[in-house]
Protein chains: 2
Amino acid sequence: MTIDNTALLTDQYELTMVSAALHHPVAHRPCVFEVFARRLPDGRRYGVVAGTGRLLDELAGFRFGGDELAVVSRFLDADTVDWLRDYRFSGDIDGYREGELYFPGSPILTVRASFAEGVLLETLVLSILNHDSAIASAAARMVSAAASRPIIEMGSRRTHERAAVSSARAAYLAGVAATSNLEAARTYGVPSAGTAAHAFTLGFAGADGPDEKAAFAAQIAVLGTGTTLLVDTYDITQGVRNAIEVAGPELGGVRIDSGDLGVLARQVREQLDDLGATDTKIVVSGDLDEYAIASLRAEPVDTYGVGTALVTGSGAPTAGMIYKLVEVDGIPVAKRSSHKESKGGAKSAMRAARPSGTIVEEIVYRATDDPPPTDGLSVRPLQIPLVRGGDRLDGLPSLGDGRTHLGDALVSLPWEGLGLSHGDPAVPTRYLLD
Amino acid sequence: MTIDNTALLTDQYELTMVSAALHHPVAHRPCVFEVFARRLPDGRRYGVVAGTGRLLDELAGFRFGGDELAVVSRFLDADTVDWLRDYRFSGDIDGYREGELYFPGSPILTVRASFAEGVLLETLVLSILNHDSAIASAAARMVSAAASRPIIEMGSRRTHERAAVSSARAAYLAGVAATSNLEAARTYGVPSAGTAAHAFTLGFAGADGPDEKAAFAAQIAVLGTGTTLLVDTYDITQGVRNAIEVAGPELGGVRIDSGDLGVLARQVREQLDDLGATDTKIVVSGDLDEYAIASLRAEPVDTYGVGTALVTGSGAPTAGMIYKLVEVDGIPVAKRSSHKESKGGAKSAMRAARPSGTIVEEIVYRATDDPPPTDGLSVRPLQIPLVRGGDRLDGLPSLGDGRTHLGDALVSLPWEGLGLSHGDPAVPTRYLLD
């Protein structure tokens, strides 16, 4: 993967803060910054950590070259520019692994560095974790709603062209089977899928009107009878008839992209079966979200195609994580005004589970304390080391590892935690910080 | 600007369609594809076109090199791969300029090309226009709500790190004064702004507790007394007192980032005035959206800092535009099934206004027809030529031109069109397509 320069993917104030701090010992004081979410999006029972792998990729590109220095020179003094020229993150990072569940207050990422080095990363860290976690959190609910039926992510056109690539990655982490996005296939190895749109069928229309059969034949000639034909460009019943007439009953699948998907899926299933195409799958798409997916559970649907709702976080397009300075020179610090109090001091976290494996609480305690006792419960520490001395550690969990981890973690939720209805977080967070 | 390769920022099915079409004359039939939105987001009165400039940038990078061909070779036949090796868009594009208002059905972009060349662009076109237009549309409402007070966009941390850059651009197009995002400053020349976060003040805390004055002094030493001090890390009243004590009454501004911003702005204004800092500005931030901005209209607020709501489109994170094949070989084509009917045939559009300048309707008519008569109304054609023979035309409107254009366009709306309340589009769209 080429590493783009990411140094300017930040807010100006990170740099003015560095500049102001550099004239004081403050710049070099050892600090701890923490990423957490004060709350989950409205009514959500859990969040899914995603983006950590991308963050570590982009951290490597967070260096100030000549071009970047020219930009920041417009508002920074020469000393700061010199410092940035030599800047390379040299601190330590621990965090929840990708695919880990999180709850309000979970210390998702802990950055240990000098004030100046750590403060610079705030925007990059949050942009990546907030976006990717929002997508993965929404996608995980869709995967649950689909039970074991596969979901294809096809939302690229409904989000920023680069966010689309990261969304496909986050969706795959969350258990989605494949993506339409080719850059995600290239960059992250996400399985890609896709056959044809309505434009293809329309393209075969001529002076004599539509010619759906010609379109189907052309597609099958290239993609084989295992392909999926889009049958709702004109009339669905005729479309299905044309599809089987052209492909034979070995046709891989048909896709329905509009209308009352439940009713249509039943009709089409019946028609396919009558035509002997009993193994032909039915793919449905068209404004599906986790609720629509769940509502189709009793219908003969084989695969869901999900777009807009997935890539926009299904109502929660950002995860609301924040990056807070919690410790300076070993002393806890915290904002005190208004309702936005934070809990100072570096934290560790563990998750307690019954012998059955069902989790019961998230426990957040001081990093300097021993883990608290938990009678009769098994516990699992939640942070893993990611970066030491600025270097990404070897052997970190892969995207596929995260996908497996999340699958296991979802099984550990109390049963109400997998419900789609609004409610409290699936388990409470207990703070042992006094 | 370096041009990244954008060829894989697309959906797999665009390529399988090309592959299937290439074995038929269909691939080379002259086609017209149109971008439009069937409706505006719930209750919105207008949309703002944004992203066209970025699209033309990225179109130049939409070429298949060795790396890209290796990826698509996994699922495409050799003939298609050969065709892609030589692919360069050679068609024509017309469209609404950036900063133009749009309404349901407005033909925002028209692509004239062979089927194969045109179908390839669907995902890239929609990703960019849907994202940027969603952000610009939300931002324009915020700018209206702020009346003439400036808005600083500071939402980078709440969206994908690359979407953040495009969001800053779209927000600037919509009239926002500045961005926190440095990459947007570099790439698009958007004015950047920013001073300090709570972490900065917290960083000066020591064994003896907080030292807000030391933090303020350090900031002023580097940024001057014209800077803006963040006064709500500990106690706001004390924070304001400290700020003026350190900076003197010439302090540029104070920022309040939490609490009841209206109440606090009044208190702080009074306190500043009492301290003789009558010219010190008040910047407010913290979960502002267009409604919160409007609700602060009567308060002594000088500048708004807006984050999450802006970069997530304030409830409408995607514009819902679609890319449809509307004409093949001069023959109108349209999908017919279900409720998603489209209107076939290439279209032109114009906007009719009263002599006062107030617009009354959007008129969409066949591109091959003469513009319809509009008694007593002035009309303005809405599409401009953007690309000819694959080449971007010279002298297209700049980002700044779009910003000015939108300012003028908003003034032309009927008065209810600028309201924040939910309602119908500000003007109806009249179709003359029979």
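As the structure is a prediction and not an experimental result, all values here were calculated from the model. So you know, we letter chains A, B, ... as the sequences are listed, proteins then strands, and number each from 1.
With a 4.5 angstrom heavy-atom cutoff, F115(A) touches chain B only via side-chain atoms. Residue A134(B): no heavy atom, backbone or side chain, is found under 4.5 Å from chain A. For E68(B), the parts lying near chain A are the backbone and the side chain together; criterion is any non-hydrogen pair under 4.5 Å. Using a 4.5 Å cut-off between heavy atoms, R162(B) contacts chain A through both its backbone and its side chain. With a 4.5 Å cut-off on non-hydrogen atoms, I331(B) touches chain A through its side chain but not through its backbone. Using a 4.5 Å cut-off between heavy atoms, L264(A) does not touch chain B at all. Proximity to chain A is absent for every atom of V311(B), based on heavy atoms less than 4.5 angstrom apart. For a residue to count as touching a neighbouring chain, one of its non-hydrogen atoms must lie under 4.5 Å from one of that chain's; by this rule L76(B) does not touch chain A. For I128(B), the parts lying near chain A are the backbone and the side chain together; criterion is any non-hydrogen pair under 4.5 Å. Heavy atoms of N181(A) lying under 4.5 Å from chain B belong to its backbone as well as its side chain. At a 4.5 Å heavy-atom cutoff, the contact between T159(B) and chain A is made by backbone atoms alone. Of the two parts of A221(B), neither the backbone nor the side chain holds a non-hydrogen atom closer than 4.5 Å to a non-hydrogen atom of chain A.
Among A207(A), S167(A), G194(A), the residue making the largest number of heavy-atom pairs under 4.5 Å with chain B is G194(A). In terms of heavy-atom pairs under 4.5 Å with chain A, the best-connected choice from L182(B), L15(B), L325(B) is L182(B). Ranked by non-hydrogen atom pairs under 4.5 Å with chain A, the options P317(B), A7(B), A197(B) are led by A197(B). Chain A forms more heavy-atom pairs under 4.5 Å with one residue of E122(B), E183(B), M17(B) than with any other, namely M17(B). Residue with the most contacts toward chain B among A319(A), A193(A), P210(A): A193(A) (heavy-atom pairs, distance under 4.5 Å). Comparing R157(A), E161(A), H131(A) by how many heavy-atom pairs each has under 4.5 Å with chain B, the most go to R157(A). Note on N130(B), V26(B), V72(B): by heavy-atom pairs under 4.5 Å with chain A, the leading option is V26(B). Of all the listed residues (D67(A), V165(A), V18(A)), the one sharing the greatest number of non-hydrogen pairs under 4.5 Å with chain B is D67(A). Contact tally against chain B (heavy-atom pairs below 4.5 Å) for G315(A), G51(A), G206(A): the top residue is G206(A). When V119(B), D329(B), L202(B), T308(B) are compared by the number of non-hydrogen pairs under 4.5 Å with chain A, L202(B) comes out ahead. Interface check for chain B: of the options A164(A), A70(A), S19(A), A199(A), the most heavy-atom pairs under 4.5 Å are formed by A199(A). Taking V328(B), L9(B), V71(B) one by one and counting their heavy-atom pairs under 4.5 Å with chain A, the maximum is reached by L9(B).
Side-chain contact between F62(A) and L120(A) is present, with at least one heavy-atom pair separated by less than 4.5 Å. Two residues are said to be in side-chain contact when any heavy atoms from C-beta on lie closer than 4.5 Å; P191(A) and T179(A) fail this criterion. Considering only heavy atoms from C-beta on, F75(A) comes within 4.5 Å of T16(A) through its side chain.
No hydrogens or angles considered: a donor-acceptor pair under 3.5 Å links the side chains of T227(B) and Q219(B). Looking at E14(A) and T123(A), their side chains do bring a donor and an acceptor atom within 3.5 Å of each other.
The aromatic rings of Y323(A) and F33(A) sit parallel, their planes meeting at an angle under 30°, below the 60° perpendicular limit.
In terms of heavy-atom proximity, T228(A) sits nearest to T195(A) at O-OG1, 3.0 Å. A185(B) and S192(B) get closest at one heavy-atom pair: CB-CB, 4.0 Å. Scanning all heavy atoms of the two residues, the minimum distance from H198(B) to D257(B) falls at CE1-OD2, 3.3 Å. The shortest heavy-atom contact between H160(B) and S166(A) is NE2-OG, 2.8 Å.
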Give the intermediate values and the outcome of side chain to side chain contact (heavy atoms under 4.5 Å, CB included) for residues D132(B) and L55(B). CA-CA 10 Å; D132(B) 290 17; L55(B) 171 61; over 6 Å; no
For side chain to side chain contact (heavy atoms under 4.5 Å, CB included), just list the numbers for L124(A) and T10(A), CA-CA rounded to whole Å, side-chain angles, deciding distance to a tenth of an Å, and then say yes or no. CA-CA 6 Å; L124(A) 185 71; T10(A) 191; 5.9 Å; no
Audit row: R158(B), T312(B), side chain to side chain donor-acceptor pair (under 3.5 Å) steps and yes/no: CA-CA 8 Å; R158(B) 304 287 176 230; T312(B) 58; over 6 Å; no
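Atom OG1 of residue T201(B) and atom CZ of residue F216(B) lie 5.0 Å apart, to the nearest 0.5 angstrom.
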